[in-house]
Asks: 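Dropping the structure in here first, questions after.
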Amino acid sequence: MLIRHPPDIPPSDITPPEVYRERRRFIQGLGAAVAVTALGTAGHVSAGSRLPAVRRGSHVLDDAKTPYRDVTTYNNFYEFGTGKDDPAAHAGTLRTRPWTVVVEGAVKRPRLWDIEALLRLAPLEERVYRMRCVEGWSMVISWVGFPLRELIRRTEPTGRAKYVEFVTLHDPAQMPGQRRRVLDWPYVEGLRMDEAMHPLTLLAMGLYGEMLPNQNGAPIRLVVPWKYGFKSAKSLVAIRFVEKQPRTAWMAAAPNEYGFYSNVNPQVDHPRWSQAKERRIGEFFKRDTLLFNGYAEQVADLYRGMDLKRHF
Ligand SMILES: Nc1nc2c(c(=O)[nH]1)N[C@H]1C(S)=C(S)[C@@H](COP(=O)(O)O)O[C@H]1N2
Ligand SMILES: [Mo]
């Protein structure tokens with residue numbers, strides 16, 4: 001495995017989770033004495049308070065939702081290992097209470113938010129979004145959260161705030177994958193201010209009406225449905241308003257492969273594979289990948305006049 005380029009699986013190698021789990025079981029069976037663990041049967045649902053009431057949101061796709069089991073057992077969360085089943089197997093060590101998120105930088109109202117206060121900052125709603133990983137697989141996921149702009153509004157960014165930086169927890173004791181320098185920890189992502197303010201950009205605390213399981217980024221994560229999955233940073237501890245474009249973890253790891261924008265774009269291939277198609281988890285035939293992951297009508301204006309091949 002090339003650890004400098006972690007999302008390194010060519011699309012042809014992407015295995016549907018059911019096949020993958022069977023294969024896992026088979027391999028584990030070869031280890032004879034080892035009892036077969038029920039991989040991710042429940043997942044690690046966060047302890048602590050329950051979600052406040054959730055209303056049906058404005059962006060609910062008609063597409064069939066990917067089963068909860070797949071959404072919670074086939075994950076990318078390198079802080080717990082680089083295998084798809086590592087997060088479900090190992091994220092139990094993450095403690096999600098107490099939890100705080102510092103919101104700071106070029107703002108009038110910096111604040112250290114307690115997670116319980118964040119959960120009640122704005123009405124929670126269900127959003128069913130298409131999600132597309134840069135590796136070439138996709139899912140349709142029911143999130144629970146509120147638009148990031150609700151938090152931004154209360155934070156009052158100043159004129160110097162041009163970008164927003166999102167930072168994941170850095171604690172190798174809770175996140176054993178951070179003991180290896182797979183990435184330059186902590187995981188950092190970024191959005192341009194107008195992308196962060198877009199009504200589709202979500203702060204998510206739940207999945208399928210329940211608290212986020214640890215492996216999906218508990219207790220709070222970003223969800224940006226028109227961008228490749230890695231922009232949606234998990235287990236956030238800081239949100240910073242900054243003047244300069246943030247140095248994201250993936251750009252630092254492989255700048256020629258992962259650009260700042262990372263908009264889903266079937267016309268811009270990854271240097272090592274085509275991005276024209278994707279496998280929806282649970283389906284056999286590949287689908288055509290859609291520009292901006294199918295959200296062009298809502299987001300294309302953000303990029304008008306930009307060369308999307310250069311700003312990939
Ligand atoms: N902190 C952190 N956030 C992360 C990742 C990660 O490794 N660490 N992986 C990203 C990638 S590559 C994808 S595809 C999505 C997967 O989210 P899911 O496991 O909830 O489907 O999380 C993104 N957020
Ligand atoms: Mo991804």
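Counting starts at 1 for both ligands and their atoms, in listed order. The figures that follow rest on heavy atoms only: side chains count, while hydrogens, waters and symmetry mates do not.
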Asks: Quick check on A233 - does any of its heavy atoms sit under 4.0 Å from an atom of ligand 1?
Replies: yes
Asks: Is the backbone N or O of F292 less than 3.5 Å from a side-chain atom of N263, with the two atoms forming a donor-acceptor pair by type?
Replies: no
Asks: For E189, which part has a heavy atom under 4.0 Å from ligand 1: side chain, backbone, both, or neither?
Replies: neither
Asks: Can you sort out which atoms of ligand 1 are near F77, meaning under 4.0 Å from one of its heavy atoms?
Replies: 1 (N), 2 (C), 6 (C), 7 (O), 8 (N)
Asks: Run the side-chain hydrogen bond (donor to acceptor under 3.5 Å, both in side chains) test on Y258 and H270 for me, step by step, so that the C-alpha distance in whole Å, both residues' side-chain angles and the decisive distance to 0.1 Å come before the verdict.
Replies: CA-CA 8 Å; Y258 308 108; H270 185 279; 3.1 Å; yes
Asks: Using a 3.5 Å distance criterion without hydrogens, assess whether the side chain of R130 forms a donor-acceptor pair with backbone atoms of N293.
Replies: yes
Asks: K234 to ligand 1: N or O pair under 3.5 Å?
Replies: yes
Asks: Are E125 and R127 within salt-bridge range, i.e. N to O under 4.0 Å?
Replies: yes
Asks: Does the ring of W113 carry R111 above it, NZ/CZ under 6.0 angstrom from centre and within 45° of its axis?
Replies: yes
Asks: Is any NZ, NE, NH1 or NH2 atom of the basic residue among D307 and K309 found under 4.0 Å from an Asp or Glu carboxylate oxygen of the other?
Replies: no
Asks: For L236, does its backbone N or O pair with a side-chain atom of W99 as donor and acceptor, under 3.5 Å?
Replies: yes
Asks: Could an N or O of ligand 1 be found under 3.5 Å from any N or O of S232, whether backbone or side chain?
Replies: yes
Asks: How does K231 reach ligand 1, if at all, at less than 4.0 Å between non-hydrogen atoms: by side chain, backbone, both, or neither?
Replies: neither
Asks: To the nearest 0.5 Å, what is the distance between OH on Y228 and OH on Y261?
Replies: 16.0 Å
Asks: Check ligand 1 against T168 and write out every atom of the ligand that is under 4.0 Å from a heavy-atom position of the residue.
Replies: 1 (N)
Asks: Between Y78 and ligand 1, find which residue part has any heavy-atom pair under 4.0 Å and reply side chain, backbone, both or neither.
Replies: both
Asks: Report, in ascending order of atom number, the atoms of ligand 1 lying under 4.0 Å from any heavy atom of C133.
Replies: 14 (S)
Asks: Quick one: which ligand 1 atoms are inside 4.0 Å of a heavy atom on N76?
Replies: 5 (C), 9 (N), 11 (C), 12 (S), 13 (C), 14 (S), 16 (C), 19 (O), 22 (O)
Asks: Is W137 close to ligand 1, meaning an N/O of one under 3.5 Å from an N/O of the other?
Replies: no
